[in-house]
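Here is how names work: the chains are called A, B, and so on, in the same order as the sequence lines, proteins then strands, and each is numbered from 1. Quick caveat: nothing in here was measured; it's all calculated off a predicted structure.
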Amino acid sequence: MTAPQRSWAGTRIRVALLLVLLYAGASTVRWLHLGAEWPARSGQDEISTYERRFEEVRSVLPSRGVVGYLGHPDPTGATPREANAASVLHFRRYLLAQYALAPVVLIESVAPEFVLGNFDPGTQPSPPAGRWEKRDFGDGVVLFRRSGP
Amino acid sequence: MTLALAMSFVISTTTGVLLLRLLWPRDAATCPWPLLTALGTGFGAGLSAVLLFLWMIAVGPTRGFALAEVGLLALVALTSLVRGRNRTTHHPVSSDSRRGSRLLLLLVLVFLVTLTAAAAAFLSTLRQHPHGEWDAWMNWDLRARMIFRGGEEWRTAFSGVIPWSHPDYPVLVPSLVARSWLYAGRETLLGPALVAATFTFGTVALVVAGLAALRGWSQGLLAGLLLLSTPFFIIHGTSLYADVPLGFFFLATFVCLALDERYGGATSRFAMLAGLAAGLGMWVKNEGLLFALAVAGGILFANRSDGWAATRRRLLAVGAGLLPMLILVVSFKIAFAPPNDLLSTLSVERTLARLTAPDRYYVVLREYAHHIASFGQNKFGSVAWVLTAYLLGLGVSQTEVSRRWVRAGTAALVLLLAGHFMVFVSMADELPRLLNSSLDRLLLQLWPSALFLFFMVVRTPQEAAADSFVMGRPLEDH
C-alpha cells in the first residue's frame with residue numbers, strides 16, 4: 001500500500017469513528033436534558049391522578065367478577081375524524097378504569113348487577129333503563145346497582 | 001420494600017449466572033464473567049418467570065414463591081461450589097486487550113458518559129410516566145395486576161371477555177412484574193420499572209460483553225454506544241412494553257449461535273442455549289414464535305453446504321433447548337389463552353383479497369423503507385446512515401463474514417422481516433395505522449441483534465488500522 005493510500009485509509013477510519021462519536025454525542029445531550037427534567041414529586045402523572053378517582057369506588061365493588069361499564073364520551077361525532085377522536089378517548093378511559101379496578105373485569109354492558117359510570121366531572125348522568133340504586137363518588141364516578149328488573 | 005425488590009433481582013440474576021456457569025462447556029476457550037453476567041441476568045429472569053407460572057398453576061400467586069427461589073438458588077450455589085472448584089475462568093484474548101490503547105480509553109470514557117446520561121434520562125422519564133405507555137395499562141401491567149390481585153382467581157387475567165387486552169399474549173413480562181410485587185409484599189411502581197431497567201440495560205451489557213468476548217472490547221463498546229444512543233431504544237424501554245425484553249432474547253440467541261460456532265466444536269451446549277433463548281422469546285411475545293421459525297430457517301439455509309447430517313445435528317441441538325419452552329407456550333395457548341383476536345377474525349376470502357391487492361404490498365414496502373432509513377433518528381441523523389458510513393470506512397472482516405452463524409443470523413433477520421411483511425399485507429385491517437404504531441417496535445426488537453451482527457462482521461478499528469499504518473505505527477497509538 002502506498003503512503004497516500006495508507007493516509008486515505010487512516011482518514012476513512014477516523015471519519016467513521018468520528019461519525020459514531022457525533023451520533024452518540026447528539027443523543028447524550030438529549031439524555032442530559034431529559035435527565036434534568038426530574039419531577040420534584042412522584043405520582044403527579046396523568047395516569048396516577050386518573051387512577052385516584054377510582055380509589056373509593058374500588059372499596060365498595062365486589063373483589064372479583066364482572067362489572068358493567070358506562071363511559072363518556074359516546075364514541076360518535078359529526079365527522080369521521082371527530083368520531084374517531086371520541087372513540088379513542090372513550091376507549092382510553094375505559095381501559096384506564098379497567099387498569100385501576102383489576103382484577104374486576106369491566107365490560108361495556110348494563111347486564112351485570114353493578115355498573116360503573118365513568119363520566120366527565122360535573123355531569124349528571126341518568127341511570128340505564130330499569131330500576132337502579134345510584135351512588136355518586138364525585139369527579140364523574142358513579143356506581144349503579146340493579147334494584148329490580 | 002426496596003431491599004425486597006433488590007433481592008428479587010439479585011436472586012434471579014445469581015441463579016441465572018451460576019446455572020450458566022455450570023452449563024458452560026469445560027473445554028470452551030473462554031468463560032468471561034461480563035458475558036456470563038449479562039446472559040445470566042436474562043436467562044435468570046426468564047427462568048423466574050417460567051417457574052412463577054408453574055408455581056401459580058400449582059399453588060397460586062403466593063409469597064412462598066420467593067422462599068422456593070431462595071431454596072433453588074442455594075441448591076444451584078452448592079452444586080456450583082462442588083462442581084466448579086477445579087474450574088478456572090479464562091478471559092478472551094482480544095485484539096485490543098493492550099491496556100493503555102488511546103482509542104480504547106476514549107471509547108470507555110465516552111461509553112460511561114453516555115451510559116450515565118442514558119440512565120438519568122431513563123429514570124427521569126419513568127418518574128414522569130411511572131405507568132408507562134398505552135400497551136402497559138392495556139396489557140402487560142394490567143395482566144400483572146390481575147394475577148397479583150386476583151389471588152386464587154388469577155386465571156381471570158386470561159379472560160376472553162376483554163379481548164382488547166390481548167389475553168392470549170405470553171406472560172413473561174407480567175409474571176416478572178407480579179413476581180417483584182410478591183417479593184415486595186405489595187404493588188409498587190418500582191416493580192415494572194425494575195423489570196424494564198433489567199432488560200434495557202441488560203441488552204446493552206449483553207451487546208458489549210458478547211462482542212468483547214468474540215471480537216474485542218472496542219467493538220463491544222462501539223456497539224453499546226450506538227445502542228445507548230438510539231433514542232427509541234431508551235425511550236421505549238421506559239414505556240414498559242415487552243419489545244425490549246423480546247429484543248434481549250433475540251440477541252441472546254445470536255450470541256449463543258456465535259459462541260456455538262466459535263467454541264461449540266465438541267459440545268452442543270451453546271446451540272441448546274440458543275434454542276432456550278429463542279424459546280424464552282416465545283414466552284415474551286407471539287413474535288417470538290416467528291423468530292424461532294426464522295432461526296430454524298436461517299440454520300437450514302446457512303448449513304445447506306455441510307450436508308443434512310450436520311444440519312440436523314445443529315437443528316436438533318437448538319430444538320432441544322427450544323422444546324421445553326415450546327411445550328409451555330403450546331400448553332398455555334391450549335389451556336389458558338382465548339383465541340388470538342387477529343387470527344380469529346381472519347377469513348379465507350378477506351385474506352385472499354388482501355394478498356392479491358398490489359397497493360397493500362406497495363404501502364408496506366414504502367413504510368419498511370422509510371422506517372428502516374429513519375430508524376434511530378436523532379439531531380445528528382439516522383443510525384442507519386451512521387452504520388453505512390462506518391461500514392464504508394472500516395470494511396468487512398472476511399474471516400467473520402464467512403462464518404456459518406453469520407449467514408444463519410442474517411437469513412433469520414431477513415426471514416423475520418419478510419414474515420412480518422406478509423402479516424401486515426395479509427392480516428391488517430387498518431394498514432397505515434398498524435404500520436405506524438408497530439413497525440418501529442418490530443424493528444426495535446431486531447435492533448440489538450442487528451447491531452451485534454454488524455459489529456461481528458465489520459473490521460475492528462485495530463484490524464482496519466493494521467492495513468493502514470500511519471508513519472509506521474498503528475492508528476490506535478496516535
Looking at [options], which makes the most heavy-atom pairs under 4.5 Å with chain A?
options	value
Ala121(B), Ala119(B), Ala120(B)	Ala121(B)
Gly151(B), Gly376(B), Ala389(B)	Gly376(B)
Pro231(B), Pro130(B), Ser159(B)	Pro231(B)

Under the side chain to side chain donor-acceptor pair (under 3.5 Å) rule, what do Asn118(A) and Tyr69(A) come out as? Steps first, then yes or no, please.
CA-CA 8 Å; Asn118(A) 185 18; Tyr69(A) 179 86; 3.0 Å; yes

Considering only heavy atoms, which portion of [X] lies under 4.5 Å from any heavy atom of chain A: side chain, backbone, both, or neither?
X	answer
Thr114(B)	both
Thr230(B)	both
Leu106(B)	side chain
Val110(B)	side chain
Leu228(B)	backbone
Leu226(B)	both

Hey, are [X] and [Y] close enough for a salt bridge, meaning a charged N less than 4.0 Å from a carboxylate O?
X	Y	value
Arg92(A)	Glu46(A)	yes
Arg145(B)	Glu51(A)	yes
Arg149(B)	Glu187(B)	yes

Between Tyr50(A) and Phe54(A), what is the ring plane arrangement, given parallel below 30°, perpendicular above 60°, and tilted in between?
perpendicular

Any donor-acceptor N or O pair under 3.5 Å, side chains Arg64(A), Thr156(B)
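No, no side-chain donor-acceptor pair sits under 3.5 Å.
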
[X] versus chain B, heavy atoms under 4.5 Å apart: side chain, backbone, both or neither?
X	result
Leu96(A)	side chain
Tyr94(A)	side chain
Val15(A)	neither
Ile107(A)	side chain
Ser63(A)	neither
Leu101(A)	backbone

Counting heavy-atom pairs under 4.5 Å with chain B, which one of Thr28(A), Leu21(A), Leu95(A), Val66(A) comes out on top?
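Maximum pair count with chain B is reached by Leu95(A).
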
Highest number of heavy-atom pairs under 4.5 Å with chain B: which of Phe91(A), Trp38(A), Trp31(A)?
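Of the options given, most contacts go to Trp31(A).
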
Take Asp45(A) and Ser48(A) through the side chain to side chain donor-acceptor pair (under 3.5 Å) test and state the conclusion after the steps.
CA-CA 6 Å; Asp45(A) 62 289; Ser48(A) 300; 2.6 Å; yes

Step by step, work out the side chain to side chain donor-acceptor pair (under 3.5 Å) result for Asp120(A) and His72(A).
CA-CA 7 Å; Asp120(A) 279 330; His72(A) 194 257; 3.1 Å; yes

Do any N or O atoms from the side chain of Thr200(B) and from the backbone of Ala197(B) form a donor-acceptor pair under 3.5 angstrom?
no

Side chains of Arg215(B) and Thr460(B) in contact at under 4.5 Å (non-hydrogen atoms)
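Arg215(B) vs Thr460(B): side chains touch.
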
How about NZ on Lys134(A), more than 12 heavy atoms from neighbouring residues, nucleotides or ligands closer than 6.0 Å, or not?
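Result for NZ/Lys134(A): enclosed.
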
